[in-house]
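The structure under discussion appears below in the form of structure tokens.
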Amino acid sequence: MYKLIKTEGRAKRAEFTTVHGTVQTPVFMNVGTVAAIKGAVSTEDLKQLGCQIQLSNTYHLHVRPGDEVVKKLGGLHKFMVWDRPILTDSGGFQVFSLASLRKIKEEGVYFNSHVDGRKIFMGPEQSMQIQSNLASTIAMAFDECPSSLADREYVQQSVDRTTRWLIRCKDEMERLNSLEDTINKEQMLFGINQGAIFPDIRIEHAKRISELDLPGYSIGGLAVGEPNEVMYDILDRVVPHLPQNKPTYLMGVGTPKDILEGVERGVDFFDCVYPSRNGRHGHLYTNHGTVRLLNAQYELDDSPIEEGCDCPACRHYSRAYIRHLLKAKEMLGMRLCVMHNLYFYNKLMEEIRDAIDNGCFASYKKEKLEKISEQ
RNA sequence: GUGGGUAUGGCGCAGUUGGCUAGCGCGCCAGAUUGUGGCUCUGGAGGCCGUGGGUUCGAGUCCCACUAUCCACC
């Protein structure tokens with residue numbers, strides 16, 4: 001259930017209530033693809049880092065350990081010891097990003113596993129079944145994410161198929177939620193808007209999927225190579241055509257700047273691999289721009305990653321020490337960097353929520369952008 | 001001491017029958033990365049080819065001496 005608390009322009013401050021608790025939005029979902037945040041960050045750590053909701057992946061968990069296994073062990077929440085909401089991505093994007101060998105047909109997609117190369121078939125029904133087995137809080141629709149370079153004709157045809165797939169997802173989820181042995185009978189389905197960089201196709205699609213009255217909607221297929229301005233422009237045009245009394249989720253985005261721009265345009269949910277993946281490689285986010293900790297200038301730097309930061313890394317350790325750990329490929333180095341970045345992202349969202357609450361998001365955004373673009 | 005091998009950027013190596021501005025991996029320096037394959041990619045710096053002679057139009061490549069180092073034998 002989505003409850004709007006306050007708005008400023010198009011920016012929305014709301015809370016989203018689920019069977020696994022309430023999420024304050026705008027929110028950043030911490031990405032734990034295989035039911036774990038890479039970098040040895042535990043669910044206990046995540047709570048300390050201010051994480052409200054995690055994201056895991058249907059495709060990855062289907063391949064390993066297998067959604068049936070997770071189901072037998074009581075579902076994802078019990079399995080990974082996390083009692084807050086979990087959103088599972090449908091696997092649609094992996095078909096686009098991982099599978100070099102794939103065949104997209106009306107019934108679904110045939111492709112090869114990235115782990116052992118075996119043939120896998122996934123369609124709307126399979127994706128829903130897997131996500132139902134995982135028993136996540138929110139399941140994403142199985143969609144196709146066409147390349148931002150795809151031509152108009154292909155995109156239109158792909159989007160039409162994604163719509164048909166969405167209807168199949170909805171039917172299948174309703175069926176699964178009514179079954180006796182389903183773990184989470186309140187599982188929610190979010191639809192996904194596609195249309196590459198063609199605003200009219202996206203708007204038309206947004207209208208069509210809005211009619212299905214799903215509990216939330218997302219915008220997919222952005223930040224996949226097109227210029228940032230194009231993404232912002234599409235958000236400007238498409239978000240108003242999605243239901244305003246439901247959460248809007250911008251998939252896979254993004255940088256702190258992208259998030260500020262997204263919130264301004266009415267986005268509630270974000271997720272991105274940046275804080276964790278970049279953290280693992282020593283690329284750290286601070287209020288004074290990004291710090292590339294592997295750069296030689298930090299060899300003798302005895303200060304924390306960010307002065308005044310209250311994260312577990314900054315409270316105790318110096319840049320020089322963490323840099324050394326990364327160079328030595330010690331797990332602790334990655335762990336501290338990932339924790340700092342997740343803390344930064346979650347803190348950023350908290351500040352954004354406070355700013356909207358206080359009616360000063362516009363000025364907050366301006367100041368924040370100036371700060372984080374320092375270098 | 002004798003015989004044999006090896007000496008090429010920080011490290012490990014390629015360098016064809018002598019032929020244009022000497023390559024490669026790792027490391028180093030810098031940059032990318034947007035619904036995660038603990039990756040990957042893109043640039044860059046760095047070498048009087050152990051030293052000294054010689055042969056040749058031309059030598060990292062051939063010859064001589066020296067030095068260093070490794071192996072075997074005494």
Side-chain angles (χ1 to χ4, degrees), chain A residues 28-41 53-61 63-64 86-100 112-117 127 131 136 138-146 148 162 190-194 216-228 230-232 235 248-259 261-262 267 269-283 285 290 292-299 323 325-335 337-338 341-342 345 375:
Chain A
F28 178 78
M29 297 186 282
N30 296 208
V31 181
T33 303
V34 297
I37 305 280
K38 287 179 193 279
V41 177
I53 171 169
Q54 273 200 78
L55 185 147
S56 285
N57 192 281
T58 298
Y59 163 73
H60 290 272
L61 292 172
V63 172
R64 188 171 48 197
I86 297 172
L87 178 146
T88 41
D89 192 12
S90 66
F93 187 75
Q94 280 59 50
V95 169
F96 162 76
S97 69
L98 294 181
S100 48
N112 297 88
S113 157
H114 73 280
V115 174
D116 57 12
S127 178
Q131 295 185 77
S136 56
I138 300 166
M140 293 307 299
F142 186 75
D143 64 335
E144 183 194 345
C145 181
S148 60
T162 288
F190 278 21
I192 304 176
N193 171 252
Q194 290 289 358
Y217 288 91
S218 65
I219 298 175
L222 290 181
V224 287
E226 79 285 358
N228 277 8
V230 171
M231 172 167 82
Y232 301 151
L235 290 178
T248 300
Y249 162 29
L250 178 55
M251 306 184 81
V253 173
T255 63
K257 174 176 162 55
D258 290 337
I259 289 176
E261 300 292 349
V267 176
F269 285 46
F270 299 86
D271 83 278
C272 187
V273 302
Y274 269 164
S276 42
R277 181 195 281 162
N278 282 341
R280 269 180 273 133
H281 303 130
H283 182 134
Y285 295 92
T290 60
R292 293 169 187 286
L293 203 54
L294 287 168
N295 286 11
Q297 59 173 304
Y298 303 115
E299 186 180 17
R323 178 175 190 274
L325 294 175
L326 288 176
K327 285 256 175 198
K329 303 202 187 299
E330 278 299 329
M331 180 70 77
L332 180 58
M334 291 187 192
R335 176 173 147 82
C337 289
V338 171
N341 277 352
L342 291 178
Y345 265 69
Q375 201 51 281

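Just so you know, these numbers use all the heavy atoms, side chains as well, and skip hydrogens, waters and symmetry mates.
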Rounded distance in Å - [atom1] ([X]) to [atom2] ([N]):
X: A/K329; N: B/C39; atom1: NZ; atom2: P; value: 7 Å
X: A/Y274; N: B/U40; atom1: OH; atom2: P; value: 18 Å
X: A/L294; N: B/C39; atom1: CG; atom2: P; value: 13 Å
X: A/R277; N: B/U34; atom1: CZ; atom2: C1'; value: 8 Å

Heavy atoms under 4.0 Å, any strand shown: does [X] hit a base, just sugar-phosphate, or nothing?
X: A/D258; result: base
X: A/G39; result: base
X: A/M331; result: base
X: A/L250; result: nothing

inquiry  = Whether the side chain of A/R323 engages the backbone of A/L293 through a donor-acceptor N/O pair (distance < 3.5 Å, no angle test) should be reported.
reply    = yes

Nucleotide nearest [X] when distance is taken to its side chain, options [options]:
X: A/N228; options: B/U33, B/U34, B/G35; result: B/U34
X: A/R323; options: B/G35, B/G37, B/C29; result: B/C29
X: A/K38; options: B/G37, B/C29, B/G35; result: B/G37

Check: Does B/A72 have a Watson-Crick or wobble partner in any strand here, with both distances under 3.5 angstrom, and which is it?
Finding: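 B/U2 is the nucleotide pairing with B/A72.
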
By the Watson-Crick or G-U definition, both distances under 3.5 Å, B/C41 is matched with B/G31

By nearest-heavy-atom nucleotide on RNA chain B, the more 5' of A/E330 and A/A296 is A/A296

If you pin A/H281 and A/E226 to their nearest nucleotides in RNA chain B, which one's is more 5'?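 Closer to the 5' end of RNA chain B: A/E226.
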
* Report yes if a donor N or O on one partner sits less than 3.5 Å from an acceptor N or O on the other, where the partners are the side chain of A/D143 and the base of B/G35; otherwise report no. => yes

Item checked: Side-chain donor/acceptor contact of A/E144 with base of B/G35 under 3.5 Å -> no

So A/F28 and A/Y345, would you call those rings parallel, tilted or perpendicular, with 30° and 60° as cut-offs?
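Rings of A/F28 and A/Y345: tilted, as their planes differ by 30° to 60°.
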
Practice task
Describe, in one word, how the ring planes of A/H60 and A/H114 are oriented to each other, choosing from parallel (under 30°), tilted (30 to 60°) and perpendicular (over 60°).
Solution key: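 Because their plane-to-plane angle is over 60°, the rings of A/H60 and A/H114 count as perpendicular.
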
Just N and O in the side chain of [X]: are any of them under 4.0 Å from OP1 or OP2 of [N]?
X: A/K327; N: B/C28; answer: yes
X: A/H60; N: B/G37; answer: yes
X: A/N295; N: B/A30; answer: yes

Under a 3.5 Å threshold, yes or no: a donor from one side chain and an acceptor from the other, between [X] and [Y]?
X: A/Y274; Y: A/N341; value: no
X: A/Y59; Y: A/D89; value: no
X: A/T88; Y: A/Q131; value: yes

**Prompt:** Does A/H283 lie flat on the base of B/U33, that is, centres under 5.5 Å apart and planes under 30° off?
**Reply:**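 No.
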
